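In this text, all values refer to a predicted model and were calculated from it rather than measured experimentally. By convention here, the first residue in the shown sequence is residue 1.
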Amino acid sequence: MKKGLSIFFSALCAVLLSQNHAEACSNVLVTKGASADGSNMISYAADSHQLFGELYFREGGKTKGIRPVYDWDSGKYLFDIPEPTRIYRRVGNVNEKQLIIAETTYGGREELWDFDNGIDYGSLIYIALERAASAREAIEVIVALTDEYGYCSEGESFSIADKDEVWVMDLIGRGPGKKGIVYVARRVPDGYICAHANQARISTFPLNDPDNCLYSADVISLAREKGWFDGEDKDFSFCDTYAPLDFGGMRGCESRAWSAFNILCDGNFTFIDENGEEVTRPAMDYIDYAMGYDTTKRFPLFVKPSRKISVKDVADVMRDHFEGTPMDMTTDIGAGGNALPYRWRPMHFTVEGKTYCNERAIATQQTGFWFVAQSRGWLPDAIGALNWFGTDDAATSVLTPIYVSTTKAPECFREGNGDMLTYSPTASFWICNRIANACYKAYNLMAPTVRAAADKWENERIAEIPQIDQKALKIKRQRKLRKFLTNYSVNTAQEIFSQWVKLEELLLVKYIDGNVKAQDAEGRFITNGNGNIPDSISQPGYTEVWKKAVAAQHGNVIEVK
């Protein structure tokens with residue numbers, strides 16, 4: 001690593017560690033033409049060392065006229081704003097009109113931050129969900145709110161989808177004491193996908209195509225005023241101007257978007273080039289950019305997947321640790337003796353004057369909650385809005401379907417059922433953390449058991465959902481329909497919670513003390529025939545990478561002679 005790059009990365013880490021939660025999130029956006037079932041999809045991992053995973057729920061309907069605004073990260077009360085007469089129900093990051101909004105924070109130019117005035121990015125999301133019925137309306141609401149009250153967060157990328165369209169929006173404030181935001185929002189072409197992960201991704205954009213691109217009137221003029229851009233308007237790049245790239249922006253952030261594309265495109269990126277022609281390039285053509293070495297190798301904003309993408313495909317992308325790439329977190333000595341694809345913070349370390357980085361993959365230990373949300377336009381809104389929701393580390397947790405028609409959140413996801421300082425035995429977040437932290441001790445042994453359980457549950461629910469949809473379509477009375485979908489959502493969530501409690505018990509019994517107890521085809525432990533004394537115990541030991549490293553570092557002491 002060059003000295004300048006290490007300084008950039010160190011600065012980035014300092015910023016990330018000083019903030020609360022959504023500075024380290026990942027989003028995947030899938031249009032209906034690219035999805036297996038014709039739904040628009042957005043995935044989101046809300047990553048934080050301080051965020052408790054729960055399902056935010058607010059019933060729609062008449063309001064009291066005034067809405068208090070609290071900063072999402074800190075919980076600090078900001079001010080009250082008037083509400084419309086009626087609002088839409090929101091369950092997590094999806095509303096009853098099938099609108100989905102997610103985000104990642106990219107920071108951007110510090111000169112434009114103003115933490116003392118305005119509405120924070122999290123409140124913008126949830127207020128927009130309460131007021132907007134479409135993606136375009138959500139963009140209008142976000143712009144109007146910041147114009148009126150100001151904006152008090154760093155640069156953000158929003159993912160916004162409705163029944164028909166999927167949009168990605170990069171925005172940042174205008175600077176201290178100035179209200180509003182400068183932004184560009186681009187519609188993801190149908191049949192394509194997008195991804196972002198804490199780095200602004202919209203570069204140049206069409207200046208006269210309101211069907212597919214919206215932007216603030218001063219997005220270019222502000223940059224000229226600040227001395228950040230002096231070229232022709234057509235050459236203006238939002239991300240290069242308002243969030244200049246450095247090593248950390250590529251290696252710690254863009255690498256995740258690259259990896260999502262790599263998985264969903266089977267290693268080949270198909271996209272529309274600057275000449276308007278569809279071309280295909282190997283994903284590895286962009287590996288030097290993803291690894292932070294070459295800013296000129298930027299990969300496209302939109303790519304066409306190699307196949308139709310399912311909910312399960314997107315969920316599994318959220319479990320990625322760069323497996324099979326040069327950044328694979330399971331293969332170096334940092335993974336320890338059991339191929340652990342995690343590195344504890346801080347994100348960088350120094351040895352003999354050289355700075356090194358730990359990888360930051362999509363799946364991470366500090367996830368609060370995560371989801372894959374679907375807007376299914378062929379169904380009535382009461383049935384079509386579906387939020388596949390889970391808590392904690394995506395790689396060792398599970399998604400369960402929540403219909404947005406539900407009248408309440410399941411107890412395991414309910415707001416207030418535990419927090420980061422209060423353990424609750426009935427909270428999904430805590431049981432998922434217990435399982436994850438168990439797996440971190442012997443990951444290559446234990447995590448496959450958890451993954452198999454998650455795969456089984458998710459595949460069964462995915463197969464079941466069309467049947468639930470059909471039953472729901474036959475229910476004419478709205479109250480009865482909501483009761484049916486509430487019962488399904490709550491009961492399935494509580495069922496997987498119960499299964500996860502039992503799964504933790506299985507992990508303890510099966511893998512205690514580094515041993516692995518054998519099971520038969522029915523899942524029963526194999527005994528020696530004399531009561532509950534286990535037989536066929538294996539002791540897998542450590543990976544070859546670990547053994548070679550130990551031999552090289554300590555072999556002169558432990559070699560058997």
Would you kindly say whether [X] and [Y] are connected by a side-chain donor-acceptor distance under 3.5 Å?
X: Tyr488; Y: Glu464; result: yes
X: Trp72; Y: Ser153; result: no
X: Thr391; Y: Ser428; result: yes
X: Gln366; Y: Ser48; result: no
X: Asp393; Y: Thr367; result: no
X: His196; Y: Thr104; result: yes

salt_bridge([X], [Y]) N-O dist < 4.0 Å:
X: Arg451; Y: Asp316; answer: yes
X: Lys163; Y: Asp381; answer: yes
X: Arg201; Y: Glu254; answer: yes
X: Asp455; Y: Lys312; answer: yes
X: Arg343; Y: Asp332; answer: yes
X: Glu460; Y: Lys456; answer: yes

Short question: side chain of [X], backbone of [Y] - any donor-acceptor pair under 3.5 Å?
X: Ser203; Y: Ser237; value: no
X: Asp170; Y: Val184; value: no
X: Thr325; Y: Phe322; value: yes
X: Arg251; Y: Met291; value: yes
X: Asn27; Y: Glu103; value: yes
X: Gln199; Y: Ala243; value: yes
X: Lys32; Y: Met41; value: no
X: Thr31; Y: Tyr192; value: yes
X: Asp328; Y: Thr330; value: yes
X: Asn95; Y: Ala132; value: yes

Report yes if the side chains of [X] and [Y] come closer than 4.5 Å at any heavy-atom pair, otherwise no.
X: Leu124; Y: Glu156; result: no
X: Arg298; Y: Leu245; result: yes
X: Leu386; Y: Val311; result: no
X: Asn212; Y: Pro206; result: no
X: Val279; Y: Phe271; result: yes
X: Phe497; Y: Thr400; result: no
X: Ile462; Y: Trp388; result: yes
X: Ser397; Y: Trp370; result: yes

Test salt bridge (Lys or Arg N to Asp or Glu O under 4.0 Å), reference Glu130, set Arg89, Arg90, Lys97, output is Arg90
Quick check: closest heavy atoms across [X] and [Y], and the distance to 0.1 Å?
X: Asn40; Y: Ile100; value: O-CD1, 4.2 Å
X: Asn387; Y: Gly92; value: ND2-CA, 4.0 Å
X: Phe429; Y: Gly368; value: CD1-O, 3.6 Å
X: Pro189; Y: Phe302; value: CD-CD1, 3.4 Å
X: Ala260; Y: Val317; value: CB-CG1, 3.7 Å
X: Val168; Y: Ile202; value: O-CD1, 3.6 Å

For the atom pair [atom1] ([X]) and [atom2] ([Y]), what is the distance rounded to the nearest 0.5 Å?
X: Glu504; Y: Asn433; atom1: CD; atom2: CG; answer: 10.5 Å
X: Gln98; Y: Asp164; atom1: CD; atom2: CG; answer: 9.5 Å
X: Phe158; Y: Leu171; atom1: CZ; atom2: CG; answer: 5.5 Å
X: Ser310; Y: Asp37; atom1: OG; atom2: CG; answer: 8.5 Å
X: Ser259; Y: Asp320; atom1: OG; atom2: CG; answer: 3.5 Å
X: Asp313; Y: Ser43; atom1: CG; atom2: OG; answer: 11.5 Å

Over 60° means perpendicular and under 30° means parallel, so classify the ring planes of [Y] and [X], tilted if in between.
X: Phe299; Y: Tyr289; result: perpendicular
X: Phe205; Y: Tyr215; result: tilted
X: Tyr126; Y: Tyr56; result: perpendicular
X: Phe369; Y: Phe371; result: parallel

Flag the pair Phe261 / Tyr286 as yes when their ring centroid distance falls below 6.0 Å, and as no otherwise.
no
Tell me, with the steps shown, if Val188 and Ile193 meet side chain to side chain contact (heavy atoms under 4.5 Å, CB included).
CA-CA 7 Å; Val188 183; Ile193 64 175; 5.8 Å; no
Residue pair Tyr242, Tyr183: steps toward the side chain to side chain contact (heavy atoms under 4.5 Å, CB included) verdict
CA-CA 10 Å; Tyr242 290 113; Tyr183 70 92; over 6 Å; no
Apply the test side chain to side chain contact (heavy atoms under 4.5 Å, CB included) to residues Ile383 and Arg376: give CA-CA distance (whole Å), side-chain angles for both, the deciding distance (0.1 Å), then the verdict.
CA-CA 8 Å; Ile383 303 170; Arg376 304 181 299 162; 4.1 Å; yes
Full working for side chain to side chain contact (heavy atoms under 4.5 Å, CB included) between Val94 and Gln374:
CA-CA 9 Å; Val94 192; Gln374 292 184 275; over 6 Å; no
Determine whether more than 12 heavy atoms belonging to other residues, nucleotides or ligands lie under 6.0 Å from atom CG of Asn208.
no
